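Please read these numbers as outputs of a predicted model, since none were measured by experiment. Along the sequence shown, residues carry numbers from 1.
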Amino acid sequence: HVQLVESGGGSVQVGGSLRLTCAHSGATAGSVCMGWFRQAPGTEREVVAVISGGGDNTYYADSVKDRFTISRDGAKNTIYLQMDGLSPEDTAMYLCAAKESYYCNNWRTWRYWGRWGQGTQVTVST
């Protein structure tokens, strides 16, 4: 049974940083596209950052470019999201997602992702 397990969320003040971690338990985890989405109450799930299998391509939502960095450790079947310069607008539940493929086609749309973690809450306060 494949699982995605997130960790690293919490509460920070404006301008602070957090690092999220997602561990993928599948045997081929190191070679599939993975990413981070977020969802605030009453809003639709939105993409944050995505990384292809092998980590050679990354994609970001415009709202987080130059502030967030996605990376992966293939040996550990783990991806990370380094979040710097956090603002209250970043407050949301952050969810890890994975595809079954190396490439990240249709990466922006959450409906095209097959596997999801339970999420980790990020709260940014003034």
Side-chain angles (χ1 to χ4, degrees):
H1 178 63
V2 174
Q3 286 187 306
L4 303 180
V5 180
E6 304 98 332
S7 61
S11 297
V12 295
Q13 293 190 320
V14 170
S17 298
L18 283 173
R19 188 192 196 208
L20 305 184
T21 298
C22 174
H24 188 313
S25 66
T28 59
S31 61
V32 297
C33 175
M34 294 182 67
W36 292 95
F37 285 72
R38 66 186 181 187
Q39 188 167 20
T43 68
E44 187 165 2
R45 192 170 297 184
E46 63 174 4
V47 68
V48 176
V50 169
I51 188 164
S52 62
D56 44 346
N57 291 298
T58 57
Y59 311 89
Y60 294 92
D62 290 342
S63 59
V64 306
K65 279 181 182 176
D66 302 324
R67 298 190 299 125
F68 292 9
T69 303
I70 190 170
S71 61
R72 69 188 303 156
D73 183 334
K76 296 180 180 179
N77 292 346
T78 299
I79 65 168
Y80 307 94
L81 184 68
Q82 177 66 41
M83 304 186 295
D84 299 317
L86 285 162
S87 71
E89 290 72 29
D90 296 315
T91 295
M93 180 71 75
Y94 282 69
L95 301 109
C96 179
K99 288 181 173 284
E100 299 294 330
S101 62
Y102 182 96
Y103 296 104
C104 302
N105 294 334
N106 297 307
W107 59 272
R108 292 184 183 274
T109 306
W110 66 267
R111 293 177 180 83
Y112 289 100
W113 292 75
R115 299 192 184 279
W116 294 90
Q118 293 297 310
T120 184
Q121 178 67 35
V122 171
T123 303
V124 185
S125 58
T126 57

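With respect to Arg115 and Glu100, a salt bridge is recorded, a charged nitrogen being found less than 4.0 Å from a carboxylate O. Salt-bridge check for Arg38 with Glu89: failed, with every basic side-chain N at 4.0 Å or more from each acidic carboxylate O.
With hydrogens and angles ignored, the 3.5 Å screen pairs a side-chain donor or acceptor of Thr78 with a backbone N or O of Lys76. Side-chain N or O atoms of Thr123 include none that pairs as donor or acceptor with a backbone N or O of Ser11 at under 3.5 Å. In this structure a side-chain-to-backbone donor-acceptor pair under 3.5 Å is present from Glu6 to Cys96.
Cation-pi check for Arg45 over Trp116 is met; the charged atom lies under 6.0 angstrom from the ring centroid and within 45 degrees of its normal. Stacking of Arg72 on the aromatic ring of Tyr80 is not recorded, the 6.0 Å distance cut-off and the 45° axial limit not both being met.
Annotation: side chain of Val50 is not in contact with side chain of Thr58 (no heavy-atom distance under 4.5 Å). With contacts defined as side-chain heavy-atom distances shorter than 4.5 Å, the pair Ser25/Asn77 does not qualify.
Between the side chains of Asn57 and Tyr102, no donor-acceptor pair is found at a separation under 3.5 Å. Under the 3.5 Å distance criterion, with hydrogens and angles disregarded, a donor-acceptor pair is assigned to the side chains of Ser17 and Asp84.
Ser52 and Cys104 make their closest contact through CA-SG, 3.5 Å (heavy atoms, listed as atom of the first residue, atom of the second, distance).
A single hydrophobic cluster is seen to contain both Val48 and Tyr60, as judged by linkage of ILVMFWY side chains at heavy-atom distances under 4.5 Å, directly or through other members. If you chain together hydrophobic residues whose side chains sit under 4.5 Å apart, Trp107 and Phe68 never meet in one group. A single hydrophobic cluster is not seen to contain both Tyr59 and Met34; linkage of ILVMFWY side chains at heavy-atom distances under 4.5 Å, directly or through other members, places them apart. Linking ILVMFWY side-chain heavy atoms closer than 4.5 Å, directly or via other members, places Met83 and Val14 in a single hydrophobic cluster. The cluster map of Ile, Leu, Val, Met, Phe, Trp and Tyr, joined by side-chain heavy atoms under 4.5 Å apart, puts Val64 and Val47 in different clusters.
Shown are Trp113, Trp110, Tyr94, Tyr112; of these, the ring-ring contact (aromatic ring centres under 6.0 Å, His included) with Phe37 is made only by Trp113.
Counted within 6.0 Å of CG on Asp56, heavy atoms from surrounding residues, nucleotides or ligands total more than 12; the atom is thus considered enclosed.
For the atom pair CG of Leu20 and OG of Ser7, the computed distance is 8.0 Å after rounding to the nearest 0.5 Å. Note that CD1 of Ile70 is 8.0 Å distant from CH2 of Trp36, once rounded to the nearest 0.5 Å. We find the CD-OG1 distance between Gln121 and Thr91 to be 7.5 Å, quoted to the nearest 0.5 Å. Here the straight-line distance linking atom CD of Gln3 with atom SG of Cys22 works out to 11.0 Å at 0.5 Å rounding. For the atom pair CG of Leu81 and OG of Ser71, the computed distance is 8.5 Å after rounding to the nearest 0.5 Å. Distance check, rounded to the nearest 0.5 Å: CG of Asn106 to CZ of Arg111 gives 12.0 Å.
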Q) Step by step, would you call His24 with Leu4 a side-chain contact (heavy atoms from CB on, under 4.5 Å)? A) CA-CA 5 Å; His24 188 313; Leu4 303 180; 3.3 Å; yes
